K.L.:
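What follows is a structure written as structure tokens; I'll ask about it next.
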Amino acid sequence: MNLAPDDINLTDPCLFWAQEPGEDYIQNIRELGQAEPVLIMAGPSEKILVAGFKRVKALKALGEKVLALKIPPADSRSKGLIYLLTNQGQTLDQARIISCLRYFSGLGDISEQIWKLLGIDPGSKIQGLWQSRLSLPPDWDRLAAENKICLECSQVLEHTSPEDLDILYPFFKELSWSRGNSLNLLTWLTEKSRMDQAPLSAYIEKLKLEQVLYSRLSPNDKIKIILKKVFQSRYPVLSQLKNDLAQRLGRISRGSRWRIEHKDEFESQQIQISTTINSQKDLEKALSQLEQISKSGVFDDWPVR
Amino acid sequence: MTGQSDNMKKYCSTVQPSHMAWPENIVVDQEAASTPLARKIIRKMPGVPLHTLSPGMNISELAGKDNRLVIYLKHYRGRFLRPCPATRKYRCCGYQIIHIGENCPLNCSYCILQAYFQDRVLKIWANQEDLWTELDMVLGRDRNRLFRVGTGEFTDSLALEHLTGYSADLAQFLGNYPNVCLELKSKIIDLSWMEKAPSTRKVLPAWSVNSPEIISREEGGASTLEERLKAAGTCADKGFRVCLHFDPIIHYPGWKKGYAHAVEMILDFLRPEHIAYLSLGSFRFMPGLKKTIIRNHPGSDYIYNEFITGLDGKARLLLTLRLEQFKYIAGKLKKGGVSRQIYLCMESDRVWKEALGYTPKDLGGLARHLLNLSFKDKAGL
């Protein structure tokens, strides 16, 4: 049947990936016409779209009628499944997966069939992560859609109170965290909070993290300072040791071309000394500086004896 | 739960220790069903449903799906005797494991077995004849070579003793090998093996010890420290020397008081000469265990301490913190007269020197030192 676009109800929640058509898409419809009918279902007083949102919008923009196929009435779960099956070619990014999962979880349990259609193996670790994501309030979905928070963070946040989530939200809304940094931030904060049996918000306040977040610093500097403060709070003794050692190694190598590093978290006294040499002259200078370093007593009073 | 109560009624004539719930099923490999050990265990649990596993079938097809407690009498095909998994990065004690089964009915929050075995299937190697053959081949090859062996690596040495009598059988079997000393490491009390031990010099009963708070909070189902030490005292009275293992030492608020109390209790029940050796081992774990502990034991907040990745890839407490603990506990023990029996489990020479004032080298090598302590009469000590 041919329908006027305005006669079709485009608001059914089963259209969980509904997306406005872009110029290229409209142009394609203009040139090739509607190659495939949209799916509609007769409601009590109107025709409800079940698949083909973009096509209807494009045809409306072109002032064309919509070729539609009427399908028998179905419940919400079946409508969602039809929509999912007819959109199998879509790229499954975080935003799409979560909106699909939200739709089906709103109807009760998510069946194995849905997980599989989303390319997620039931019982897998990834499924566990998505289930954690579903436990977060829906406004966190927007952060995921903007790639501001990785999927693994959901698991860390799973048992966080709504109040703490509210306090954390701006940190992810305002700043773009790498996967590693966001996981570190949340892991350190939640672990500290569990260990001291205090709300996470107490640490955010104590460490004055909101002041850093809303300061005039660059986003990168804000992230760096926030992480440093949280690490110091989570690992006070290790932080102190690292600080002491950094100062010592900095003092010893100051003015020289040598870089001194310790990578064993104090399990050994091993250090790595490195430099770059470009000429014979560089080499001679570096050797002389190395001799000075060897006389500096770098291992005396090592932070952990 | 109804099933458990029913089973309990059927067991009323069997003495069931408090550390272990009633098993829901017994599964036996067809090949092991007629072994004396399998027959003995099955006879001891007449009310428990018995399933036979045909060759090619997997235990998971019969048990473990709903986390039931299952006894699995297995025909074991691997090596029974193997060296303790060591690392080149830290000093190891040269212990040899006699593999008699896997998994444990106790519920210690820090235990690595919960990561290895994610079910409640208690596996017992039922083909003891194969074990005796292998042990004879290795231990009997050169009777001048000394061995310190034990069973407490993949299971508790005594937790299933009431069913298996495995430790008693081992003690009896190894009585014929003067070059072997058997350590029985446990967190529960069962001294029934004593009757079969041919000599007090051949068996070293051993208990894992910890502060009373850690035992009560983190070692579900295990005996109290007092019970363990009383049992150790009984062994000492009978002429056995005992081993104690402070492992894992946990860093928690109030640890000094807790471990001081533990040392005091040790010295109340045992004289230094009763102790063959005593180890100190800080809590260390494969990184994957952390999630398991958080999931299975949400109240075990020691897991959030300052752990770093050690040179062996395992997480371990930051050196300054564990050194403080080692020094403190070793200091208390030394004051009580326990000194050269103390050793550190999986630590570097640097830590040994700082914590104990000597290194394994000063002792002639840790493995040799512990052999000497185990075979005190042989070493002329």
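The model shown is predicted, which means the values in this text are computed figures rather than measured ones. Below, chain A is the first sequence line, B the second, and so on; all start at residue 1.
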K.L.:
Do you know the tightest heavy-atom contact between A/Glu267 and B/Arg316?
P.N.:
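Minimum heavy-atom separation between A/Glu267 and B/Arg316: OE1-CD, 3.3 Å.
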K.L.:
Would the number of heavy atoms belonging to other residues, nucleotides or ligands and lying under 6.0 Å from CD of A/Glu174 be above 12?
P.N.:
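Counting other residues, nucleotides and ligands, CD of A/Glu174 exceeds 12 neighbours.
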K.L.:
Counting distance only, does the side-chain N/O of A/Arg194 pair as donor-acceptor with the main-chain N or O of B/Gly299 below 3.5 Å?
P.N.:
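Looks like no, no N/O pair under 3.5 Å.
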K.L.:
For atom CZ of A/Arg102, is the number of surrounding heavy atoms from other residues, nucleotides or ligands below 6.0 Å larger than 12?
P.N.:
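More than 12 within 6.0 Å, yes.
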K.L.:
Just verifying a value: how many Å separate B/Leu318 CG and A/Leu241 CG, rounded to the nearest 0.5 Å?
P.N.:
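It comes to 5.5 Å.
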K.L.:
Once you round to the nearest 0.5 Å, how far does CD1 of B/Ile294 lie from CD of A/Glu191?
P.N.:
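Going from the CD1 atom of B/Ile294 to the CD atom of A/Glu191 covers 6.0 Å.
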K.L.:
How about NZ on B/Lys334, more than 12 heavy atoms from neighbouring residues, nucleotides or ligands closer than 6.0 Å, or not?
P.N.:
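Atom NZ in B/Lys334 is packed in, count exceeds 12.
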K.L.:
Thinking salt bridges, do A/Glu158 and B/Arg295 make one under a 4.0 Å N-O criterion?
P.N.:
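No, this pair does not count.
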K.L.:
Can you tell me how far CZ of B/Phe307 sits from CG of A/Leu238, rounded to the nearest 0.5 angstrom?
P.N.:
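With rounding to 0.5 Å, CG (A/Leu238) is 12.5 Å from CZ (B/Phe307).
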K.L.:
Taking atom CD of A/Glu112 as the centre, report whether more than 12 heavy atoms of other residues, nucleotides or ligands fall under 6.0 Å from it.
P.N.:
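Open.
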K.L.:
With respect to A/Glu265, which candidate in B/Ile308, B/Leu311, B/Thr309, B/Leu319 satisfies the side chain to side chain contact (heavy atoms under 4.5 Å, CB included) definition?
P.N.:
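Answer to the side chain to side chain contact (heavy atoms under 4.5 Å, CB included) test with A/Glu265 among B/Ile308, B/Leu311, B/Thr309, B/Leu319: B/Ile308.
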K.L.:
Please determine whether the number of non-hydrogen atoms from other residues, nucleotides or ligands lying under 6.0 Å from atom CZ of A/Arg259 exceeds 12.
P.N.:
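Open: at most 12 neighbouring heavy atoms sit under 6.0 Å from CZ of A/Arg259.
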K.L.:
Which heavy-atom pair separates B/Asn305 from A/Arg234 by the least distance, and what is that distance?
P.N.:
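Heavy-atom minimum between the residues: O-NH2, 3.3 Å.
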K.L.:
With A/Leu249, which residues qualify under side chain to side chain contact (heavy atoms under 4.5 Å, CB included), at least two apart?
P.N.:
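A/Leu249 satisfies side chain to side chain contact (heavy atoms under 4.5 Å, CB included) with A/Leu245, A/Ile260, A/Val298 once adjacent residues are dropped.
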K.L.:
Which value, rounded to the nearest 0.5 Å, describes the distance between A/Met195 atom CE and B/Glu306 atom CD?
P.N.:
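Those atoms lie 8.0 Å apart.
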